[in-house]
Protein chains: 2
Amino acid sequence: MAILVKLQHYYWTKQLMSSAVANKKAIDLLKALAEPIRLKIIESLSNGEKCVCDLMQETDLAQSKISFHLKVLKEAGVITDRQSGRWIYYKLDIRALKSLQNWIKKLRKECLNETSSCE
Amino acid sequence: MAILVKLQHYYWTKQLMSSAVANKKAIDLLKALAEPIRLKIIESLSNGEKCVCDLMQETDLAQSKISFHLKVLKEAGVITDRQSGRWIYYKLDIRALKSLQNWIKKLRKECLNETSSCE
DNA sequence: TTGATGTATCAAATATTATTGATGTATGAT
DNA sequence: ATCATACATCAATAATATTTGATACATCAA
């Protein structure tokens, strides 16, 4: 369990996604981000926790559609949820985005090598 | 033309993808990243320019498949190409990844507001 | 306990993306 | 001029993801 947590924590930064497991997590994260509705949800949640009903109002989309996208985001670790009465509140888990940021940082550093020549 | 370039340059950071054009660019970039073969290609190119034949050897994948993914990456602005004789060399355009990094930075900053409570 | 509300989930239909094998095109070597 | 190489592109198929409308479930209020 502890090992798994640690793996998840380092999957981008340490291994540059060389293992299959790490790769899957990374891809799931990117896929989760790569969709307009989900990106809107993420940006909305960056202003704070919201229930599904809030998101429905903001976006004017069907409930089942929003729930579907929330599920994708949750499974990718981008958001977490908590129940309060009838409402379920979602919030960003910024650590996922942080790991993505670290991966990019690593790549950019790689590109600075004299041999690597990126744009 | 100049306006378009400027738009592309700022699409993540300035507008947080509020315009439709900007949003499409952002999604295209994320979609381009969200696929295992393409991610491998990106990481390979972070070590320097490669021709298709190099990538074929490294990955042991069919040529048409690699070309397909290179096209997706190119259209998303993640890589650029140049021809030299019979070979076409691809390299990373790190600016695309930089813009993604900036977007994340912005989101994370947003999350630090007292009202926003992210994980 | 009944009914309304907030949300998840499901199955079917649709849309999008990726793979495959074949063919086309340009380049350079002979 | 012919041929092999390096790559792009295409059409058909397969695989995945999304949308939609319906239904199910839990919570709360009356």
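So you know, we letter chains A, B, ... as the sequences are listed, proteins then strands, and number each from 1.
- Proximity of B:S67 to B:Q63: side-chain heavy atoms (C-beta onward) are separated by under 4.5 Å at one or more points.
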Are any protein N/O atoms closer than 3.5 Å to N/O atoms in nucleotides 2-5 of chain C? If there are, list each pair with its distance.
unit_1, atom_1, unit_2, atom_2, d
C:dT5, O4', A:R86, NH1, 3.1
C:dT5, O2, A:R86, NH1, 3.4

- Could you encode protein contacts along nucleotides 16-23 of chain D as a string, one character per nucleotide from 5' to 3', using B for base contact, S for sugar-phosphate-only contact and - for no contact, with a heavy-atom cut-off of under 4.0 Å? -SSBBBB-

- Note on the structure: Base-pair string, DNA chain D, Watson-Crick plus G-U, cut-off 3.5 Å on both distances, | for inter-strand, is ||||||||||||||||||||||||||||||

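- Here the side chains of B:L70 and B:L55 are in contact, with some heavy-atom distance below 4.5 Å.
- Note that the SG atom of B:C118 and the CD1 atom of A:I42 stand 11.0 Å from one another [nearest 0.5 Å].
- Listed here is the closest heavy atom pair of B:Y89 and B:C51: CD2-N, 3.6 Å.
- A distance-only check finds a donor-acceptor pair linking the side chain of B:R38 to the backbone of B:A32 [under 3.5 Å].
- Distance CG/B:L73 to CG/B:D93: 11.5 Å, rounded to 0.5 Å.
- Note: NZ (B:K71) to C1' (D:dA6) measures 17 Å, nearest angstrom.
- Side-chain contact, A:E43 with B:W103: a donor N or O sits under 3.5 Å from an acceptor N or O.
- Backbone-only engagement by A:Y90 is indicated by non-hydrogen atom pairs under 4.0 Å involving sugar-phosphate atoms exclusively.
- The environment of A:E119 atom CD is dense: over 12 non-hydrogen atoms of other residues, nucleotides or ligands sit within 6.0 angstrom.
- When rounded to the nearest whole Å, the span between CD of A:Q83 and P of D:dA26 equals 10 Å.
- For the pair B:L70 CG and D:dT9 C1', the computed distance is 14 Å after rounding to whole Å.
- Distance, B:L73 CG to C:dT17 P: 14 Å, rounded to whole Å.
- For the salt bridge (Lys or Arg N to Asp or Glu O under 4.0 Å) criterion with B:D28, the lone passing option out of B:K31, B:K24, B:K25 is B:K24.
- With salt bridges taken as basic N to acidic carboxylate O contacts below 4.0 Å, one links A:E58 and A:K50.
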